[in-house]
Amino acid sequence: MIRLYNTLSKSKEVFEPVRPGKVGIYLCGPTVYKPSHIGHMVGPVIFDTIKRYLVHSGYDVTLVINITDVDDKLIAESQIRKIPMDAVAAEMTADYMRNLEAMGVDGVDYFPKATEHISNIIHFVKALIDKGFAYESQGDVYFDVQKFPEYGKLSHRTLTQMLGEGGATVERKQSSCDFALWKSAKAGEPSWDSPWGKGRPGWHIECSAMSCEILGETFDIHGGGLDLVFPHHENEVAQSECRHGKPMAKYWLHNGLMQASSEVGKLGGRNTRSAEEGDLDSQEAGKISKSKGSSAFHDLLKQFDPELIRFFILSSHYRRPIDYSFERLEQVGTSLEAFYRFFKRYHRITGDHFYSTATPHTRDEGDFDPQGDPLLVQVNDYRNKFFEAMDDDFNTGGAIGFLFDLLRVLNKYADEYDLDGSKNAPEPIVWPLVHGTTVLRELCLTLGLFRHEPEEKPAEKSDEIVHKLMELIIDLRAGARKNKDFATADKIRGTLAEVGITIEDRPGGTEWTRK
RNA sequence: GGCGCCGUAGCCAAACGGCUAAGGCAGCGGAUUGCAAAUCCGCGAUUUCCCGGUUCGAAUCCGGGCGGCGCCUCCA
């Protein structure tokens with residue numbers, strides 16, 4: 001039984017899809033006018049993980065992330081750069097897609113673009129006018145919030161509350177809370193023909209139009225950053241529910257925002273700025289991207305492995321805001337190394353690769369009876385706890401804790417049976433480790449973690465000389481150790497450490513790794 | 001001003017009324033090792049910002065205070 005927190009009801013609800021067995025998820029994506037920053041990755045990583053988990057739980061899931069490729073900010077950017085708006089959009093969309101790929105977000109079924117749905121949008125707006133929920137005003141079309149008594153139900157505020165403050169001039173609008181469905185074009189701006197003249201869609205309407213087109217009038221989960229609850233999602237609700245006379249989405253999920261902590265300046269790797277500008281850096285990550293190139297996500301990827309960032313995002317609950325900093329990411333990197341080391345150990349023991357271990361496709365398929373085996377009893381226990389955590393509003397942070405527990409019992413088992421040393425351990429001894437590791441992989445995959453072996457750095461791959469030399473050095477050192485010449489052996493190890501090469505003497509032989 | 005969120009060990013973080021308050025990083029002991037590294041074992045919150053209340057029982061619920069933060073027309 002999966003429960004999730006619904007912004008609409010401000011409480012956790014039992015998850016029951018609109019259509020049995022099928023789940024439609026719509027996530028508000030970026031406005032593609034600048035390169036993505038880390039904040040843009042949070043939603044996709046979370047909802048990609050949610051999809052993976054729901055699929056593993058047996059659902060047939062469709063995930064949609066929209067691309068806003070027409071918007072005031074895009075127009076402004078195109079004017080500054082003196083290139084067409086669609087060129088800006090294409091460039092930034094490509095950047096976004098590359099980043100998603102790096103993050104392992106590949107469960108997205110549709111990336112609808114606003115400019116590809118203009119006629120749907122126009123139909124939507126027309127329908128709202130016909131039904132009396134919207135009005136045309138000098139080439140613009142506005143939604144009349146007074147016509148929708150439930151306006152404010154998602155963000156939990158009332159219209160009188162909101163109207164209380166604004167007042168002032170509203171120009172073409174009847175009420176200050178009315179919002180634009182269609183905006184008339186000024187000279188030189190990109191535009192499309194419409195019943196109200198040349199113009200472009202407002203921001204909110206695209207999501208109503210595209211989600212309906214792809215997922216239907218009522219779908220299951222609508223997601224987005226906490227900052228979008230009002231006005232964006234509130235307006236989507238108004239538009240869709242007034243047109244269709246039924247709920248737009250059953251569950252509204254909002255993720256906490258990523259914030260840069262004060263040390264973030266170091267992240268750029270070229271922080272020579274003054275202290276006061278450093279303070280500016282402590283603002284929300286997105287705000288930094290508007291002024292500095294260094295917060296672009298593709299730059300962050302030069303310093304940190306994408307898997308590390310994914311792990312970091314998933315290491316706390318999605319509704320919590322997350323602070324990120326250089327130190328924090330490095331810490332996460334340290335904790336991840338234990339997993340990589342275990343994967344290598346597993347390979348040494350079994351000859352099999354963790355990354356190619358076949359796993360059950362669904363939770364039911366993976367259920368097993370430990371049959372009293374002490375290791376598998378523990379493995380099964382952690383597996384169940386992992387699922388319990390995930391069932392409880394996708395508590396990835398809690399779930400990851402059990403991944404570490406699982407790792408510990410597997411290492412302990414390999415220690416106890418001295419599996420590193422004995423090359424040909426009997427099958428009955430190795431088997432529980434193999435099964436336990438399969439479970440570890442199953443759980444990691446539902447989070448989209450450790451799917452592929454991290455790519456070797458290009459330099460490392462091509463550098464045969466280094467490999468040959470290391471072979472020679474390790475051989476010479478082995479000779480020294482045999483002769484109890486530990487001074488020489490330690491000198492070799494110490495000098496290699498200085499250049500970032502770690503030497504580890506194991507029962508099975510000496511291994512080296514380079515940072 | 002309005003609406004809402006958060007405050008758990010040095011740092012990050014789980015826990016949603018009930019067994020010893022997960023787990024990670026850092027630290028300290030120990031096993032192991034020629035010494036290391038890795039791994040394992042153990043230690044670290046007598047208690048969850050403070051005060052009061054409800055309850056047999058509260059980190060969890062209620063009230064007040066202090067501190068941090070978000071949204072209030074276009075930021076994921």
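All values below were derived from every heavy atom in this structure, side-chain atoms included, with hydrogens, water molecules and symmetry-related copies excluded. All chains are named by letter (A, B, ...) in the order of the sequence lines, taking the proteins before the strands, and each is independently numbered beginning at 1.
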Rounded distance (Å) that lies between atom C1' of C72(B) and atom CG of Leu159(A): 13 Å

For Asp393(A) and A15(B), give me the distance from atom CG to atom P, rounded to whole Å. 9 Å

OP1 or OP2 of C74(B) under 4.0 Å from side-chain N/O of Lys73(A): no

Among Phe133(A), Phe143(A), Tyr142(A), which residue satisfies the ring pair (Phe, Tyr, Trp, His ring centres under 6.0 Å) criterion with Phe179(A)? Phe143(A)

Residues from residues 91-100 of chain A sitting under 4.0 Å of RNA chain B, heavy atoms only? none

Any non-hydrogen side-chain atom of Pro201(A) less than 4.5 Å from a side-chain atom of Ile121(A)? yes

Parallel, tilted or perpendicular, as decided by the 30° and 60° cut-offs, for the rings of His232(A) and Trp203(A): parallel

Using a 4.0 Å heavy-atom cut-off across all strands, classify Gly29(A) as base, sugar-phosphate, or nothing. sugar-phosphate

Could you tell me whether Arg493(A) contacts a base, only the sugar-phosphate backbone, or nothing, with contacts defined as non-hydrogen atoms closer than 4.0 Å? base

Which part of the nucleic acid does Arg200(A) contact within heavy-atom distance under 4.0 Å: base, sugar-phosphate only, or nothing? nothing

Presence of Asn411(A) side-chain N/O under 4.0 Å of C40(B) phosphate oxygens OP1/OP2: yes

Side chain of Asp415(A) only, please: which of C40(B), G34(B), A76(B) is the nearest? C40(B)

When you measure from the side chain of His317(A), which nucleotide among A76(B), A26(B), A14(B) comes out closest? A14(B)

Below 4.0 Å: OP1/OP2 of U39(B) and any side-chain N or O of Lys412(A): no

Out of A76(B), C74(B), C41(B), whichever nucleotide has its closest atom nearest the side chain of Thr31(A): A76(B)

Starting at OG1 of Thr93(A), measure out to CD of Glu91(A) and round the result to the nearest 0.5 Å. 9.5 Å

Interatomic distance at P, C62(B) relative to G70(B), whole Å: 24 Å

Would you say the side-chain atoms of His156(A) pair up with the backbone N or O of Leu154(A), donor to acceptor, closer than 3.5 Å? yes

I'd like to check Met103(A) versus Pro44(A) (side-chain heavy atoms, cut-off strictly below 4.5 Å). Are they in contact? no

Using the P atom as the point on both nucleotides, what is the distance between U60(B) and G42(B), in whole Å? 30 Å

Can you check the distance between G10(B) and G2(B), where both ends of the measurement are the P atom (answer in whole Å)? 36 Å

Selected nucleotide, minimal atom distance to Asp71(A) side chain, candidates C40(B), G34(B), C74(B): C74(B)

Verify, without hydrogens or angle tests, whether Arg477(A) (side chain) and Thr488(A) (backbone) share a donor-acceptor contact under 3.5 angstrom. no

Should G70(B) form a Watson-Crick or G-U wobble pair with both distances under 3.5 Å, which nucleotide is its partner? C3(B)

Give every pair of a protein N or O atom and an N or O atom of nucleotides 3-11 of chain B that lie under 3.5 Å apart, one pair per line with the distance.
{"from": "C3(B)", "atom 1": "O2'", "to": "His156(A)", "atom 2": "O", "distance (Å)": "3.2"}

Any donor-acceptor N or O pair under 3.5 Å, side chains Glu442(A), Thr446(A): no

Starting at the 5' end of RNA chain B, which residue's closest nucleotide do you reach first, Arg341(A) or Asp323(A)? Asp323(A)

How is Lys183(A) classified with respect to the nucleic acid when contacts are heavy atoms under 4.0 Å: base, sugar-phosphate, or nothing? base

Nearest whole Å is fine: how far is G24(B) P from Leu406(A) CG? 13 Å

Would you classify Asn395(A) as touching base, sugar-phosphate or nothing, given that sugar-phosphate means primed atoms plus P, OP1 and OP2, and contacts are heavy atoms under 4.0 Å? sugar-phosphate

Do we see Phe404(A) stacking on the base of G23(B), given a limit of 5.5 Å between centres and 30° between planes? no

Regarding Arg408(A) and Asp405(A), does a basic nitrogen lie under 4.0 Å from an acidic carboxylate oxygen? yes

Taking CG from Leu419(A) and C1' from C40(B), how many angstroms apart are they, rounded to a whole number? 14 Å

For Arg481(A), which contact category applies under a 4.0 Å heavy-atom criterion: base, sugar-phosphate, or nothing? base

Looking at Leu406(A), Val439(A), Leu447(A), Ile400(A), which one forms a side-chain contact (heavy atoms from CB on, under 4.5 Å) with Phe386(A)? Leu447(A)

Rounded to the nearest angstrom, tell me the gap between atom CD1 in Ile400(A) and atom P in A14(B). 11 Å

Side-chain atoms of Ser316(A) come closest, of C74(B), A37(B), A14(B), to A14(B)

Row check, Phe402(A) ring normal vs Arg383(A) NZ/CZ: under 6.0 Å, within 45°: no

Students often get this wrong, so: under 4.0 angstrom with heavy atoms, is Asp490(A) touching a base, only sugar-phosphate, or nothing? base

Separation of atom OH in Tyr346(A) from atom P in A38(B), rounded to whole Å: 24 Å

Under 4.0 angstrom, heavy atoms only, what part of the nucleic acid is Gly43(A) near: base, sugar-phosphate, or nothing? nothing

From A37(B), A76(B), C69(B), nucleotide with atom closest to His37(A) side chain: A76(B)

Ile503(A) atom CD1 is separated from G34(B) atom C1', nearest whole Å, by 16 Å

Here's one to test your reading of the geometry: is the NZ or CZ of Arg319(A) within 45 degrees of the ring axis of Tyr5(A) and under 6.0 Å from its centre? yes

What is the distance from CD1 of Ile349(A) to C1' of U39(B), rounded to the nearest Å? 11 Å

